[in-house]
Engineer: 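My questions all concern the structure below.
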Amino acid sequence: ESNDFLNKLSIIHLFNNLYSSDKLEKYINSKNQTIFLDTQILIRMLCILYKEDFDFEDAALQSVKVLIKTLEKYRDRIKVYTSYDYIEEVAGHLLEAIQLQRFLKLSYVAKLGKSKNVFYNTYSDLIKKGVLDIDTEFIDFIQELLDKELIQFNHSEFIKYASERISEI
């Protein structure tokens, strides 16, 4: 698990270094590019696309925001791909976030600091910064991400719907 974390951190660091220099621009302009998005990038893309104009403090979210802008700028030169497995993993993270909801009301949870769940951390940051009203429930945030009201669902139905919705984005 620490290797995965180090790999992701290295990728973010590499992207930040490319972006902060003119190397990224030169690389993209050199030829048509293909980019394959993994779970962690897709999760952060969903969060960024929820509030594109918000200035996220998280370095990984900032990097993905730059990636989104770069992809938009060079739309005609970059092909973006992902796999259905990655999309299902993102749906799994969303489901995990929903399952966290029942613990959010506990007084000691806020004292524990950041969660490992990016969706929960994004929700918390948006509440803290006043982007979301303090009365906004976490499930409302998730429903807005998916553009669907979640009343009753089982795990497999949720994963199927969320995966379909994510692949549309």
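In what follows, every heavy atom counts, from backbone to side chain, and hydrogens, waters and symmetry copies are set aside.
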Engineer: Working to the nearest 0.5 Å, report the span between CG of L67 and CD of E72.
Structural biologist: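 One finds 10.0 Å between CG of L67 and CD of E72.
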Engineer: Side-chain donor-acceptor contacts of residues 46-59 below 3.5 Å, not counting sequence neighbours, with atom names and distances?
Structural biologist:
residue, atom, partner, partner atom, Å
Y50, OH, E144, OE1, 2.9
D55, OD1, Q62, NE2, 2.7
E57, OE2, K129, NZ, 2.4
D58, OD2, A60, N, 3.0
D58, OD2, L61, N, 2.9

Engineer: List the steps and the verdict of side-chain contact (heavy atoms from CB on, under 4.5 Å) for K79 and N32.
Structural biologist: CA-CA 8 Å; K79 291 187 182 197; N32 289 342; over 6 Å; no
Engineer: On a heavy-atom basis, which atom in I127 and which in I134 lie closest, and how many Å separate them?
Structural biologist: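 Here I127 and I134 meet closest at CD1-CA, 4.1 Å.
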Engineer: Taking atom CG of L71 and atom CD of Q33, what is their separation to the nearest 0.5 Å?
Structural biologist: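 One finds 11.0 Å between CG of L71 and CD of Q33.
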Engineer: Compare every heavy atom of F36 with every heavy atom of Y86, then report the nearest pair and how far apart it is.
Structural biologist: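 Nearest pair, atom of Y86 first, then F36: CE1-CE2, 3.3 Å.
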Engineer: Look up atom CZ in F119 and atom CZ in R44, then write down how far apart they are to the nearest 0.5 Å.
Structural biologist: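 One finds 9.0 Å between CZ of F119 and CZ of R44.
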Engineer: Which pair of heavy atoms, one from R165 and one from L146, lies closest together, and at what distance?
Structural biologist: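 Shortest heavy-atom separation between R165 and L146 comes out as NE-O, 2.9 Å.
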Engineer: Using the ring of each side chain (for Trp, its six-membered ring), is F141 parallel, tilted or perpendicular to Y123, with breaks at 30° and 60°?
Structural biologist: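 It falls in the tilted class, 30° to 60°.
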Engineer: To the nearest 0.5 Å, how far apart are CG in L145 and CD1 in I43?
Structural biologist: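 That separation rounds to 11.0 Å.
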Engineer: So, using side chain to side chain contact (heavy atoms under 4.5 Å, CB included) as the criterion, who are the partners of S167 when residues are at least two apart?
Structural biologist: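 By the side chain to side chain contact (heavy atoms under 4.5 Å, CB included) rule, S167 matches I87.
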Engineer: Show me, pair by pair, the donor-acceptor contacts under 3.5 angstrom made by side chains of residues 92-100, not counting sequence neighbours?
Structural biologist:
residue, atom, partner, partner atom, Å
E96, OE2, N117, ND2, 3.2
Q99, NE2, H155, NE2, 3.4

Engineer: If you group Ile, Leu, Val, Met, Phe, Trp and Tyr by side-chain heavy-atom gaps below 4.5 Å, do Y84 and V90 land in one group?
Structural biologist: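 They do not share one cluster, since no chain of ILVMFWY contacts under 4.5 Å joins Y84 to V90.
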Engineer: From I68 CD1 over to M45 CE, what is the distance, rounded to the nearest 0.5 angstrom?
Structural biologist: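 Rounded to the nearest 0.5 Å, the CD1-CE separation comes to 4.5 Å.
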Engineer: So, for T82 and L37, which heavy atoms are closest and what is the spacing to 0.1 Å?
Structural biologist: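 Closest heavy-atom pair between T82 and L37: OG1-O, 2.6 Å.
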